[in-house]
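One structure below.
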Amino acid sequence: MGFTSPSLEYGALAPMLVIFGAGILAVIVEAFVSAKLRPSLQLALSIGAVILSFAQVIRLRGTETVTAANNSVIIDGPVLFMQGTILVFALLGLFLIADFEQFAAQASAVPGSEEERSAIQTGKMQTEIYPLTLFAVGGMMLFPAASDLITLFVALEVLSLPLYLMAGLARRRRLLSQEAALKYFLLGAYSSAFFLFGSAFLYGYAGTVQLSGIASSISGGAGNDIFLLIGIAALSVGLLFKVGAVPFHAWTPDVYQGAPTAVTAFMAAATKVAAFGAALRIFYTALAGAEWSWQPLLTGVAVITMIVGSIIAIAQRDVKRMLAYSSIAHAGFLLTGILALNKSGLEASLFYLAIYGLTTLGAFALVSLVRDSSGEVTDLNRWVGLAKRSPLIASFFALYLLSFAGIPLTSGFIGKFTIFSAAYESGNTGVVVVGVLSSAIAAFFYIRVIVMMFFTDPEEDTVTVSIPSIFTSIVIWIAALTTLAFGVFPTPLLDAIASLSTFVR
Amino acid sequence: MTLTIIGALPLLGALLISLLGNSQKENIKKLALLTSILTFVATLVAALNFEIDRPGFQFVEKYSWIPSLGVNFQVGVDGISLILILLSTILVPVVILAGWNESEGGRFSVKTFYILMLVLETMMIGVFAATDVFLFYIFFEAMLVPVYFLIGGYGSGARQAAAVKFLLYSLFGGLLMLASIIGLYVISSNQIGRTFDIEALQTLKIDSLTENLLFLGFFIAFAIKAPLWPLHTWLPDAAKSATPGTSILLLGVLDKVGTFGMIRYGVELFPNASKTFTPLIITLAVISIIYGAILAIGQKDIKSLIAFTSISHFGFITMGIFAMTTQGNSGATLYMLNHGFSTAALFMTAGWMISRRGSSTISDFGGLQRVTPILAWSFFIAGLSSLALPGLSSFVSEFLVLVGTYTRYPVAAIIGTIGIILAALYILIPVQKALHGPTTPGNENLPDLNKREVIAIAPIIALIIGLGFYPKPALDVINPAAKATITKAGFTDPAPVVQGGDK
């Protein structure tokens, strides 16, 4: 029996191939290039790969939708938009990662050991962070493009495994970081099992792993509904874990807090796009016909996610944990976009993911600047009076927070407006009202941080705002400018999305 | 372009000020004053070109802004919004001149104070001029930010807590309104295509349950802003903690956004729902009138006193709006204007008294009539205007509101008149305590008003007396718009029409 090699559509797959290729190349660099050259070479390689890949996405924009790699991948408008967004976030994330201050000198050394000390003294660096980032980016780009359950699962693992490692690489408070990584890994593995379990049941129901095949089985009505329901439920658990929806959110605050801030920034922005991208594809195409079965469930999840995220955030005393709960609340707002199940819901979700990610990157980049002698200070009580010491940094952070709160003239407002109007259009009025009310609750803790920074006098024990490196400044400025620009003139982005946003079933 | 230019002037001034150095305090103040005076002159020129008898909006401008959402940058004024823009642009220069030094000693720089003040002026003009609901909402929410920093950064006492309370109340209302705006948007996109044009939205056909809910979303936001009992609790705190200048803009202009909204986005947009809720709203308005007045009588702090009198006055305005008669409605709009002037005069004089004496407790003053006669007379006239003495401007509006309400809701109007009696108490008691009697020890050497302060208050006193004797120019502008509102709401004035005192 001869072996026929699969035909691959290299053109359509180019954005992902570039990233995966660069990842493999980066591993080789890691093995053969001297430690001295590695940091700059790895950074240049990663940034080059991201830019090249982005150019491929731009090239593909507007071309005919194709299925590639034997029907396991679909490249359509929304996928291209999400891949482009992920690449932009990856670029900004790499800028933050380039600041090596945050990472462990030698991840394998036991915290507090002699080995660790000598690694720090000799100036060792774990440049493996670059290939890990590239693989994660590749996985994220594949996740929303996957058109069968197996590819989905593979993509999910490819994006998750590097992230588990990256979360454990913090230079300071290493035990906390390692604990976060382990938690993330264990819970992630658990949710992957759910995802696989759900896939198996859906295969049992439809007799195929193709999303289009599942859709036609549902519309045909043949098959065992019990299998379908179990499949949907278990698959949803896996997806909702990744997006950080309540009650599968428990990992979020720990991982956001423990991971190096640059990794948190990248993860918070890009993973959301990938996970919501896949969720949107699955619910909008494969499971759209069975909306009667998942809409009530997802409505409940969206409602409690918005409420729980907003309320628990009030009690947080740590900036990174607060942003983590805020991201949970935002996951709830994004779920209303899935619930809408209409074209405006898809467009609004894409818009929201893009602008939320940019603002989030900026916010975490700022967090990495507020330090004292022992490293980053994330305790909110010590952010008191920040505006006195660094008015510009405090104003930027206030701008990001106002955008998270959805105040007009920031991109967050347009995001909320479009996503809630999509949900209202589909008749989910109750969810909109809950969303609006939990926005009011959320506003409370965003404003409290602003009050702390601007209206409270600093105590003796002060923190310093370190002067940002050029890379970090770029991220902060881009985040601030886009937050304002897409708040005042969202039209270019909205139009770009509108021209791209039909899923191929 | 008229309205855009008027609105852009203060913003331009703010931009110029931001280029100046922090230490050039006098130049910053002069530039701010000059900008606000120019803005007023521009508004006055526009107002003189306003054609009284032409129905609908004038000075209309429309530019596409976010086409995919159907949002336009769309502005225009009718009589009601023109009057309120005039009020705003008069008060800003007066406030800057009256509180020449109140920007100093705050948490932020003098420069920041005037930048915030001028940005706020742009937003005040925008919020009244907007004829696109989305644009209106943007101004409505965005103006919270400068006010928040003005209260929290430059006030006194528990200013941060007051600023946060103000912000959270307003945001809560604003978000409810957002839900209603989303509802309107979806209904409009189903019926007439995505639009936020206020005139187009009036043509929508909405089923009555939805209309009631949408109306409530708007109304609660406005009732917090205005503020109406029982949503008023943020106001006394904010007014007490803010600088007098900020309080004047807060009570004189910002709160009017609430009552203005009730007309433009309540009665005109949801006539049937307005009808349904009228009994409830009139009741709340009457409670506000009595409650505000009684609490004002009990206040020991002069700024809290003025805040509570305003709650009573906003009760009158709301009652006039929902009486659904032409007199009631034009009375309410005139009331907004007059209340702006009388509150401004009260807060200005109170601010001067407080900064001279270093205390805001009424009993710390006494015998000011002898020591500082000009200040005392100004406070007295402002107070008389606040209690609606015939011959002063507020009398006309209060009379119109009561007459307009009586023809449809006699009981409410009669209970409302009790508010007038209580008003005499809450004004005359502090007047007696602070101005008359023996001079309280420590007050003998308080200086009287200086030239700058006299120049600041003179135009306001002149307007209070002038509009009291001759309210016709204001009413000529307001009446057609008020009539149009009542027609849009589907009401006709009950016969026989009772003539207002001015006719």
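Each chain gets a letter, A, B and so on, in the order its sequence line appears, and its residues count up from 1.
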> Do you know which of B:Val186, B:Ile181, B:Ile187 has the most heavy-atom pairs with chain A at a distance under 4.5 angstrom?
Replying inline: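 The option with the most such pairs is B:Val186.
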> For the rings on A:Phe444 and B:Phe172, is their centre-to-centre separation under 6.0 Å?
Replying inline: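 No.
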> Taking all non-hydrogen atoms of both residues, which atom of A:Leu409 and which atom of B:Ala142 are closest, and how far apart?
Replying inline: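 Result for this residue pair: CD1-CB, 4.1 Å.
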Given a strict heavy-atom distance threshold of 4.5 Å, which part of [X] is in contact with chain A: side chain, backbone, both, or neither?
| X | answer |
| --- | --- |
| B:Phe149 | both |
| B:Leu178 | side chain |
| B:Leu176 | both |

> Measuring heavy-atom distances to chain B, does A:Phe413 have an atom under 4.5 Å in its side chain, in its backbone, in both, or in neither?
Replying inline: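 Contact with chain B: side chain only.
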>> To the closest 0.5 Å, what do you measure between CD1 (B:Ile66) and CD1 (A:Ile414)?
In response: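 It is 4.0 Å, given to the nearest 0.5 Å.
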> About how many Å separate CD1 of A:Ile447 and CG of B:Leu167, when rounded to the nearest 0.5 Å?
Replying inline: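 Separation between the atoms: 4.0 Å.
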Anything under 3.5 Å between chain B and chain A that's a donor-acceptor pair? List each one with its distance, please.
| unit_1 | atom_1 | unit_2 | atom_2 | d |
| --- | --- | --- | --- | --- |
| B:Trp65 | O | A:Thr491 | OG1 | 3.2 |
| B:Trp65 | NE1 | A:Val488 | O | 2.7 |
| B:Arg107 | NE | A:Phe454 | O | 2.5 |
| B:Arg107 | NH1 | A:Asp457 | OD1 | 3.2 |
| B:Arg107 | NH2 | A:Thr456 | O | 3.1 |
| B:Arg107 | NH2 | A:Asp457 | OD1 | 3.3 |
| B:Gln160 | NE2 | A:Phe455 | O | 2.9 |

> Do B:Leu144 and A:Ile407 come close enough that some side-chain heavy atom pair is under 4.5 Å?
Replying inline: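 With C-beta onward as the side chain, the pair stays apart.
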>> Is any side-chain heavy atom of B:Leu69 closer than 4.5 Å to one of A:Leu494?
In response: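 Yes, their side chains come closer than 4.5 Å.
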> Taking the inter-plane angle between the rings of B:Phe196 and A:Phe417 on a 0 to 90° scale, is it parallel (under 30°), tilted (30 to 60°) or perpendicular (over 60°)?
Replying inline: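 If you compare the ring of B:Phe196 with that of A:Phe417, the planes turn out tilted.
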